[in-house]
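Shown next, in structure tokens, is the structure this report addresses.
Since the model is a prediction, treat every value here as computed from it, not as a measurement.
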Amino acid sequence: MPELPPPISVVGIGADGWPGLAGTSRATLRAAEVVIGGPRQLALLPEDEVTAARVPWPSPLRPAVPGLLAEHAGRRVAVLASGDPMFHGIGRTLAETVGADRLRILPHPSSVSYACARLGWPLEATEVVSLVGRPLETLALALHPGRRLLVLSADAGTPAAVAALLTARGHGAARLRVLEQLGGPGERQSEGPADGWPHPPGDPLNVVAVELPADGPRGSLVPGLPDAAYESDGQLTKRHVRAATLATLAPAPGELLWDVGGGSGSIAIEWLRAHRDNRAVSVERDRSRAERIVRNAAALGVPRLQVVTGSAPAALDGLPAPDAVFVGGGLTAPGLLEACWAALPAGGRLVANTVTLESEALLTEWYRRHGGELLRIATAHAVPVGGFTGWRQAMPVTQWSAVKPHDPQHDLQENAS
């Protein structure tokens with residue numbers, strides 16, 4: 001039986017450097033032949049204690065990981081990580097690259113643990129938002145009155161950028177505290193209101209603590225945001241129909257949605273807002289609308305939405321397989337429903353909405369062939385009628401939804417193989 005290669009040790013280290021490491025972590029670094037880490041982390045190791053070759057991570061980091069590990073295969077490798085390697089750290093990338101069973105992880109208190117200890121905030125009740133390698137607009141999704149947030153900063157300019165975003169979103173009264181070099185000898189704090197943040201950029205190694213005022217603007221956690229929340233040219237799935245559509249799509253954590261005929265992007269955006277691990281692709285043939293979808297996604301805190309400009313079904317080629325598909329436009333395009341249905345795995349959901357008779361006839365045929373549920377959604381709003389009040393009926397929406405069944409023949413083939 002061939003001898004297994006030595007595991008890769010992943011050692012968490014804080015701003016306190018070598019003195020703050022546990023004995024096991026020190027012994028691991030002393031025994032290493034190669035230590036890989038960021039320049040700042042490598043500089044924290046004493047040369048007389050750690051004699052291993054020091055290899056800084058290249059940029060961009062993630063694509064370089066497999067090759068760098070392969071280059072040092074068979075040697076005792078230690079990788080340095082900031083704080084807890086498995087909390088927004090390099091540990092996740094390494095586990096996805098070589099497998100968790102190939103890692104020996106030695107965590108250190110994370111910056112979030114230090115921050116909550118300094119602030120007296122319960123860790124389990126504090127939301128954490130990382131802006132490391134992520135757009136600033138990611139923070140917008142977490143802005144709710146009275147909430148406490150910890151923001152993992154990308155650099156020294158992040159606190160001022162966070163203050164500006166909070167002010168622009170109506171949370172200028174929020175209290176900010178910037179905690180730098182947590183756990184190290186240079187630890188310090190600065191604080192002030194978001195509106196008129198008074199401090200210049202400080203240390204790049206910082207966490208921003210945000211206390212949002214209880215009387216600030218409030219949003220919603222459930223689908224069905226007000227129509228006014230979206231920039232639109234009229235191509236928008238309206239609020240109540242949107243809420244019903246998302247309920248039928250039934251997003252679950254980590255799932256991928258295709259939003260075909262994106263319009264203003266509302267279905268994909270609210271799918272992403274349902275859980276931070278959700279993914280979505282919005283396909284829109286009109287370039288100006290596609291650009292509008294990008295703006296809406298950023299404004300509503302989900303800039304990770306992928307927008308594809310092109311006509312379906314051709315624009316669907318090469319996209320990762322979806323867990324659910326919503327078709328909000330272009331239903332009569334030849335082959336569109338067939339392509340969407342074929343792309344779904346067993347158990348995947350397809351939901352299609354229309355207001356035209358031609359598309360309704362098509363959905364009725366698909367309902368006849370595949371079952372599922374066919375329904376009509378009608379809404380009406382009270383409006384002035386002279387000196388009285390009456391109902392104004394919106395155009396009714398026909399919706400077909402179905403779950404793709406398992407293919408018994410495919411299951412037989414899988415079992416035979």
Would you call V207 and V112 a side-chain contact if the rule is heavy atoms closer than 4.5 Å?
-> no
Looking at [X] and [Y], does any basic side-chain N land under 4.0 Å from a carboxylate oxygen?
X    : Y    : result
D203 : R188 : no
E284 : R292 : no
E255 : R349 : yes

Which of parallel (below 30°), tilted (30 to 60°) and perpendicular (above 60°) describes W366 and W341?
->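 It falls in the perpendicular class, over 60°.
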For the residue pair R242 and I267, what are the closest heavy atoms and their distance?
->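 Of all heavy-atom pairs spanning R242 and I267, the closest is CG-CD1, 3.6 Å.
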Heavy atoms of T354 and T356 approach each other most closely as OG1-N, 3.2 Å
Show your reasoning for whether salt bridge (charged side-chain N to carboxylate O under 4.0 Å, His left out) applies to E96 and R62.
-> CA-CA 11 Å; E96 291 172 352; R62 190 178 182 94; 2.3 Å; yes
Pairing donors with acceptors under 3.5 angstrom, does anything connect the side chains of [X] and [Y]?
X    : Y    : answer
N296 : S264 : no
R40  : S82  : yes
T245 : N353 : yes

Crowding at CZ, R148 (>12 non-hydrogen neighbours, <6.0 Å) = yes
Could you tell me whether R177 atom CZ has more than 12 heavy atoms of other residues or ligands within 6.0 Å of it?
->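 Buried by this count: over 12 neighbours within 6.0 Å.
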